[in-house]
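First up is the structure itself, then whatever we jot down about it.
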Amino acid sequence: MRFCLPLILSAALAAPAWAGHAYALWGEPRYAADFKHFAYANPAAPKGGELRLVSGLRYSTFDKYNPFTIKGSPPAYLSDMLFESLLTGSLDETATGYGLLAEDVTVAPDGLSATFRLRPEARFHNGKPVLAADVQYSYETLISKYASPGFKTLLAEVDGCDVLDERTLRFRFKKPNRDLPLTVGGLPVFSRDWGKGEDGKTKQFDQIVTDIPIGSGPYKIGPVNFGKDITYVRDPGYWGKNLPVRVGSNNFDKVTVKIYRDNTAKLEALKAGEFDLMRFFSAGDWARRLYGKRFDSGELRKGEFAHKLPSGFQSYFLNTRRPLLQDERVREALGLAYDYEWMNRQMFYGAYQRVHGLFGNTACETHGSPSEAELALLKPFEKDLPEGTLGPMQDPPRTDGDSSLRANLRKAQKLLDEAGWKVGADGVLRNAKGEALVLEYLDSSEGGTKLISSWARNLEKLGITLKLRVVDFALYQQRLDKFDFDIITLNIPGTHNPGQEYADLFGSAAADIESSGNFIGLKNPAVDAMIAQMASAKTEAQLLPACHALERIIVAGNYLIPQYYAGNHRMVYDAWRLAMPAQTPPYVPGETWVINQWWAQLPPLTAATAKR
């Protein structure tokens, strides 16, 4: 435990910059201190019944209960259901955290600290109170070498956490950063007793694997078919059930999550009634394969739930650690051969929209030429900027309207020629060393074959060979951790308020940290400066130019080949067993909305009662 007495005294003597039941990044929280429940929650929702889900995760098993370490795969939804944080967000506003474990939060006038007071009623699953020392322990554990490195990057600007008394703690910041009170307020909190043996000693954190987590959330782990199915059981004595942020939520007595290794088996299990809800990511399945008696009767319904979530940036990630992908012109040529319009028309039934950058569907989305504010940020780093950064925002290549695949391939051919790649008599593209341009696309699903086949055919016309390598998920994750790949597909969720977390995705320091999120291997001082500016911005007027500048650099550098996104959540649900609130919140997060706010029909409807 380390105290910074001058800081503590100065903060105590000064009027706080923010103090109350919630912390809002910009302006005032939507809900006042005396609010009773979130507007989208149904306070009269009955408690009981079971929700049966299918895991939407890519891996087909789980081998641990610790979701915060590097190795292994935890069950779906475990972190959200068992662990809580100091603050929690609402689904009808952005950038605001309301007290959960904490009853209030105070941010110092100089922005260099945030103080939280814990609720005296907060309890862990073992019955012990949640104390400031537990929060400090959780923070220090998550930034240790035994936890996933993303936490350390995310919390790089946090100087420490001090216990002021049994239920009061203060996070100190290295410099003012508008995001940090929300960042530390959102950290998962777990008991110091988790992983403690009979001898009273606590295991090293990465050795806590199958020890039952000791969190404070509304659910505990119930029956488990280890590696296959898991049931979370609602804690009837849950300490926070009457909090305004919890009223109308956590309505199911049980939430069972099943794992299917095969997509076809999963779809047939849905039709057979083995589970109640399934989210669909395949446009083909959604358009062509959802039929049968249970659909005809109305028992199973297709629901498309529109949202205002950021589009994120699902993309092909090009690993610039690989020599063949270090030339920007080669990367641009690869993108020119990707025919999104054909794929959306022929394979996706027009269900998707094209990703354009990092911040789609938010105020940070970039358009047109750089503003004066953006140029002021970018020009000091002009020598480090990819070509085209200071020009109009680049859109992904198109193959419709007045554009065509043939024209794009001709442009790609010219770029490759400029980069020193020539097509030989054998039709293979080679550089001056005689090396062929052969790349590997790594995936953990056979479905990747269908998705890259047209792209591979187009690349073949340029003399480039794109090979598909399918491995099981464990090996796939291992190769990602070690950056042992040429090209992968990732779907990175977006945010309305980007900040320090982008240092893990694109920051220079993260490029050399195994298991970090910097999959493209980017090291660029201009990128680092833009992320630092985003993290330190005190107003939206300071944030937006930095976001736009970062997006321009990443797009101009062709580090990512943007794919597609859907503006709604497609879910099939059992309408006879499940009920939902009348209001769909704008920032609804898919299945977790169902888990948190839906409830069971008690008793379930039947064909006869459904007709009435």
Side-chain angles (χ1 to χ4, degrees), residues 313-320 322-348 352-358 360 366 385-424 427-431 435-441 448 450-468 485-490 519-520 522 551-565:
F313 50 101
Q314 178 171 315
S315 303
Y316 291 110
F317 281 58
L318 308 181
N319 186 1
T320 62
R322 302 293 214 208
L324 296 180
L325 292 171
Q326 289 174 355
D327 194 307
E328 183 184 316
R329 294 165 294 187
V330 172
R331 300 195 299 269
E332 184 178 356
L334 295 175
L336 285 162
Y338 181 68
D339 191 347
Y340 161 77
E341 281 72 27
W342 181 90
M343 292 182 65
N344 196 35
R345 185 173 61 252
Q346 299 294 330
M347 298 172 60
F348 303 145
Y352 295 116
Q353 302 173 53
R354 187 80 189 267
V355 170
H356 280 246
L358 305 179
T366 307
L385 301 177
E387 185 178 349
T389 302
L390 299 179
M393 182 63 177
Q394 299 178 25
D395 288 326
R398 301 186 64 88
T399 58
D400 58 359
D402 58 357
S403 302
S404 69
L405 177 61
R406 177 172 296 194
N408 289 347
L409 292 179
R410 284 175 177 169
K411 183 179 178 181
Q413 192 174 43
K414 183 179 179 181
L415 287 168
L416 293 166
D417 186 70
E418 292 173 359
W421 292 89
K422 312 290 183 182
V423 178
V428 176
L429 197 66
R430 299 182 187 276
N431 60 15
E435 298 172 319
L437 189 45
V438 178
L439 299 168
E440 181 182 271
Y441 172 70
K450 181 180 179 181
L451 293 177
I452 72 160
S453 57
S454 63
W455 188 28
R457 288 195 301 269
N458 295 337
L459 290 172
E460 189 177 5
K461 296 174 184 176
L462 297 171
I464 300 172
T465 299
L466 179 62
K467 297 180 178 179
L468 172 65
F485 61 87
D486 295 334
I487 304 172
I488 54 172
T489 292
L490 291 175
F519 296 103
I520 61 178
L522 183 58
E551 191 168 37
R552 291 182 189 279
I553 297 171
I554 300 301
V555 170
N558 293 287
Y559 305 106
L560 309 172
I561 297 176
Q563 294 178 311
Y564 37 82
Y565 73 96

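Worth knowing before you read on, the calculation uses all heavy atoms, side chains too, and leaves out hydrogens, waters and symmetry mates. Since the model is a prediction, treat every value here as computed from it, not as a measurement.
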Can you name the residues that form a salt bridge (Lys or Arg N to Asp or Glu O under 4.0 Å) with [X], not counting sequence neighbours?
X    : value
R552 : E374
K411 : E332
R354 : none
K467 : none

Between [X] and [Y], what is the shortest heavy-atom contact and its length?
X    : Y    : value
D486 : L325 : O-CD1, 3.5 Å
A337 : L405 : O-CD1, 4.4 Å
L462 : A412 : CD1-CB, 3.8 Å
E328 : G557 : CG-O, 3.8 Å
A333 : L415 : N-CD1, 4.3 Å

Counting only N and O atoms by type, is there a donor-acceptor contact under 3.5 Å from the side chain of [X] to the main-chain atoms of [Y]?
X    : Y    : answer
N319 : F485 : yes
T389 : I553 : no
S403 : G401 : no
N458 : A456 : no
Q314 : Q563 : no
R331 : Q326 : yes

Quiz prompt | For F348, all residues meeting ring pair (Phe, Tyr, Trp, His ring centres under 6.0 Å), sequence neighbours excluded | solution = Y352, Y564
Quiz item: For residues S454 and Y338, is any side-chain donor paired with an opposing acceptor at under 3.5 Å?
Solution: no
Is the shortest heavy-atom distance from the side chain of [X] to the side chain of [Y] under 4.5 Å?
X    : Y    : result
R410 : K414 : no
Y340 : P397 : no
L560 : I554 : yes
Y441 : T489 : yes
L416 : Q413 : no
V330 : L324 : no

Self-check item: Centroid-centroid under 6.0 Å between W455 and Y316 rings
Solution: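 Yes, close enough.
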Exercise. Any side-chain hydrogen bond (donor to acceptor under 3.5 Å, both in side chains) involving residues 390-401? Give me the pairs, sequence neighbours left out, ordered by first then second residue.
Key: D339-T399, E341-T399, H356-D395, R398-D400
